[in-house]
Number of protein chains: 2
Amino acid sequence: MINIADVARHAGVSTATVSRALSGGHHVSPATRLRVEASAAQLGYVVSSNASSLASGRMKNIGVVVPFLNHWFFASVVEGAQQALQRHGYDLTLYNLTGGLEARRSVFEHFLLRQRVDAVIAVSLELSENEVARLHALDKPLVGVGGPLAGVRTLTVDDLAVARLATEHLIALGHTRIAHIGGDKAFDLDFNLPTNRRFGYEAALAAAGIVARRDDFRPADFTTAGGYQAAKQLLGRPHERPTAIFAASDEMAIGSILAARDLGLVVPGDVSVIGVDDHELADFFGLSTVAQFPQQQGEKAVEVLMQELRPHPESRTGLNINMPFELIVRGSTARPMV
Amino acid sequence: MINIADVARHAGVSTATVSRALSGGHHVSPATRLRVEASAAQLGYVVSSNASSLASGRMKNIGVVVPFLNHWFFASVVEGAQQALQRHGYDLTLYNLTGGLEARRSVFEHFLLRQRVDAVIAVSLELSENEVARLHALDKPLVGVGGPLAGVRTLTVDDLAVARLATEHLIALGHTRIAHIGGDKAFDLDFNLPTNRRFGYEAALAAAGIVARRDDFRPADFTTAGGYQAAKQLLGRPHERPTAIFAASDEMAIGSILAARDLGLVVPGDVSVIGVDDHELADFFGLSTVAQFPQQQGEKAVEVLMQELRPHPESRTGLNINMPFELIVRGSTARPMV
DNA sequence: CTGAAAGCGCTAACAA
DNA sequence: TTGTTAGCGCTTTCAG
C-alpha cells in the first residue's frame, strides 16, 4: 500500500503539504497542488481513512438506522441518503433493528459509539430519551426522518395535511360516505402517523359538515393483505356501503381495490379508492394517491446533516422541517354514481 | 472521550493488558480480565475503531455493493447480511450503484479502496475483470451473491434447476401448453439468469416430450406491469391459448394473474400461474412459486467471508456455492380443465 | 506557502 | 501472564 510519504517524496514536498493539497487545497500554491495531485494519481494513492480519521477526528461516515430494510419506504430513504452521501464523499453505515431489542441495544451501546460515525440519521424510529441523550453526549448530530423526535431536527411530512388533502379530494368529487383504513395501535407506538392521518381525515369531513361514522374506520397493518381484509368488511356491509375509501398507505389501498373487485364492485364506479405514498405499484393499479418522496427525504436528511457538520452551522433551520407531498389523481377516484 | 489509558489506570494494569483483555482475552489471567472488563464497563469505555484498525489492519467492516436497494430481493439480501454481520461485531457499509456509471467508478476507485473494509460482498453484480482484479490486488476477499463471477466465490441458486422444477410442477399437473415469461436482453447483461431460467423451462418441456412453441415465450422486465402486459398477449390469443404460465419472477407472475382476471379467465381454472421468488405478496395472491431465500443468502455470504477472514481458512468450500430453493404450491396452479 | 514534529488511540512484538 | 515501546498513516499546530 502506498502512503502519504511516498507521494511526498515523489512530488518533492513534505507530507504536510501533501495532506493540505489533497484536502481542500487551502494554503497551498496552485503549482504545488497540481504537482501533488499528479503524483498521487500516478502512484494510485488513496488516503487511509483510518489514519485520517484518527488524526482529524472526522470519520466521513454516517450511520443510518432503520427499523427494517425490507420495505419500499425505508429502502427508498436509504437509497436517497446513500447517493447524497456519496456525492459528499461520505460512507453510509447501515444499522437495522430487525433483530429486536437485543439488536437495538447492541447498535446503540457498541456500534454507534465506536466512533465510527460523524452523525446519525434515524428513519421512522422512536428513539428513547436515553438513546438521544447518548448521541448528544457524544456531540453527534442526529436527524430524524419521519418520526417526531423530541429535541431532534426531524424531517416530516405533515400527515394531518396529507390525510386532509386525500379526503378533500374525495369530498370535492361529491362523496359523503367516505371510509378510512388506518393503522392499528401497534403502529402508533413507533410513530403516531396513523393517528395523525385519522385526524386529518376527520378534520376534512368535519369541515365539510360530514359526520364521521364510527364503523367507517377500520384499522389494519399497512400491508396489502390487511387492506384487503379491512376493505372487505367495509364494502361487504348490506347497508350504507361507503362510496369511497381513503387508505393510509398505497399497499392498503391496493388491497382495497382488489377486495372491491372480488366483491364484484367496480373501481371507481362503485367505490373510489385513494392511498398515500405513490408506491411503485400505484401507477400499475391506476391508484390515486398523495405522493411522498422518500428518496428525496433521504437526500434532504443528508443535506441537513452536512450543514450541521460544517464548522459554523449557518442558517440552521427550525427543528421541524416539512417535506413536500402531492396529490396524484389516477383512475381509482371519480364522482360517485347517483 | 475516555480511552484505553484511562481504563488501564483504573484497573491498575498496562494498556497492552487492557487491549488483550478486551479482545478475545487470550494470554490474560481470568482475574485481571474480569477486573479490566469491570473498569471498562464502569467508565463506559468503547474502543476507537480507527485507532484499533490503524494499528491492527483489521477494519471490522465489510462493504456491500448492490445495483439498487429499492427492490425486495436486494433489500432482503442486505438485511440478512446486516444481521449476520452485527452478530460478528462487524459493521456494514452500503454502496449502491443506482447513480450510474460515474457512481460505479467512484465506488470502486475511491470508496472501496479507502481501506475501510475488510472484504466486499457484491450482490447480483457483474463486476468487470478490472474491478475484481483491483479487489484481489488489495487482498480483499470478495464474495458474490447471485451472479456468476469469474474467479470469485459466489453463492448462486441453480436457476436452471429452479426453472425446471417450476415447469415440471405444471407438467406433472397435466399441462402441455405452457408459456414462459422471462427476462429481456437488458437483464441478461448483468446476470444471465433469464437465459438460464429459459433453458430450464425448455429442458423440462423437452424431457416431457413437449415441443416449446416459439410464441409461447415472451420477454418482460421483471415488474408486475411487464408481466401483466406479456400475459395479456399470451392469453388473448384466439387460438391455442396456453393453459399455464411460468413467470421468471413472482412480480411478473402476479401481473399474469391480474391479466388473466381482467380477461375474465379464472386462475387456476383457466390458467395456472407459477412464479419464482416467494415474494412478500405471493402468499396474498395465493401464488405457487419456487422460493429462494434472499435473506439467508445474505447471511451465508457473511459466513463465507468470516471463514475467509480467519487467519487460516480451513475447509474452503468450492468456488461455487449452491443455495437452496423450494417449490411452494399455493392456489394458482391446478390440473388443466379438459 | 511550506516543513518539522507532535500526537490521535490502539496493537503487537519483544522483554521481563 | 504482564509491561514497555515502537509503530500504524495521517493532520495540525507552530516555526520559518
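In what follows, chains carry the letters A, B, and so on, assigned in the order in which the sequence lines appear, proteins first and then strands, with residues in each chain numbered from 1.
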Query raised in the report: If you pin B:Ser56 and B:His26 to their nearest nucleotides in DNA chain D, which one's is more 5'?
Result: B:His26
Rounded to whole angstroms, how far apart are [atom1] on [X] and [atom2] on [N]?
{"X": "A:Asp6", "N": "D:dG9", "atom1": "CG", "atom2": "C1'", "result": "11 Å"}
{"X": "A:Lys60", "N": "D:dT11", "atom1": "NZ", "atom2": "P", "result": "11 Å"}
{"X": "A:Leu43", "N": "D:dG9", "atom1": "CG", "atom2": "P", "result": "15 Å"}
{"X": "B:Asn50", "N": "C:dC10", "atom1": "CG", "atom2": "P", "result": "10 Å"}

Does [N] have OP1 or OP2 sitting under 4.0 Å from an N or O in the side chain of [X]?
{"X": "A:Ser29", "N": "C:dT2", "value": "yes"}
{"X": "B:Ser19", "N": "C:dT11", "value": "yes"}
{"X": "B:Thr17", "N": "D:dG3", "value": "yes"}
{"X": "B:Thr15", "N": "C:dC10", "value": "no"}
{"X": "B:Arg58", "N": "C:dA12", "value": "yes"}
{"X": "B:Ser52", "N": "C:dC10", "value": "no"}

**Report entry** Validation row, ring centre A:Phe68 to ring centre A:His71 under 6.0 Å
**Finding:**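 Not close enough - the centres of the two rings lie 6.0 Å or further apart.
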Kindly point out which of [options] is positioned nearest to the side chain of [X]?
{"X": "A:Leu54", "options": "C:dC8, D:dT2, D:dT4", "answer": "C:dC8"}
{"X": "A:Arg20", "options": "C:dC10, D:dT2, D:dT13", "answer": "D:dT13"}
{"X": "A:Ile4", "options": "D:dT4, C:dG9, D:dT11", "answer": "D:dT11"}
{"X": "B:Asn3", "options": "C:dC10, D:dT12, D:dG3", "answer": "C:dC10"}
{"X": "B:His27", "options": "D:dT2, C:dG3, D:dG3", "answer": "D:dT2"}

Query - Ion pair check, B:Arg116 and A:Asp91, cut-off under 4.0 Å - result: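 The answer is yes: the pair qualifies as a salt bridge.
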Using a heavy-atom cut-off of 4.0 Å across all strands, would you classify [X] as base, sugar-phosphate, or nothing?
{"X": "A:Val47", "result": "sugar-phosphate"}
{"X": "A:Arg33", "result": "nothing"}
{"X": "B:Thr32", "result": "sugar-phosphate"}

**Report entry** Residue pair B:Thr156 / B:Asn322, side-chain donor-acceptor N/O under 3.5 Å
**Finding:** no
**Report entry** Main-chain N/O of B:Ala11 paired with B:Arg35 side-chain donor or acceptor, under 3.5 Å
**Finding:** yes
**Report entry** Flag, side chain of A:Asn96 to backbone of A:Leu69, donor-acceptor distance under 3.5 Å
**Finding:**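 Here the side-chain-to-backbone pair does not exist.
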Query raised in the report: Which residue, A:Val28 or B:Ala5, contacts DNA chain C at a nucleotide closer to its 5' end, judged by nearest heavy atom?
Result: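 Closest to the 5' end, via its nearest nucleotide, is A:Val28.
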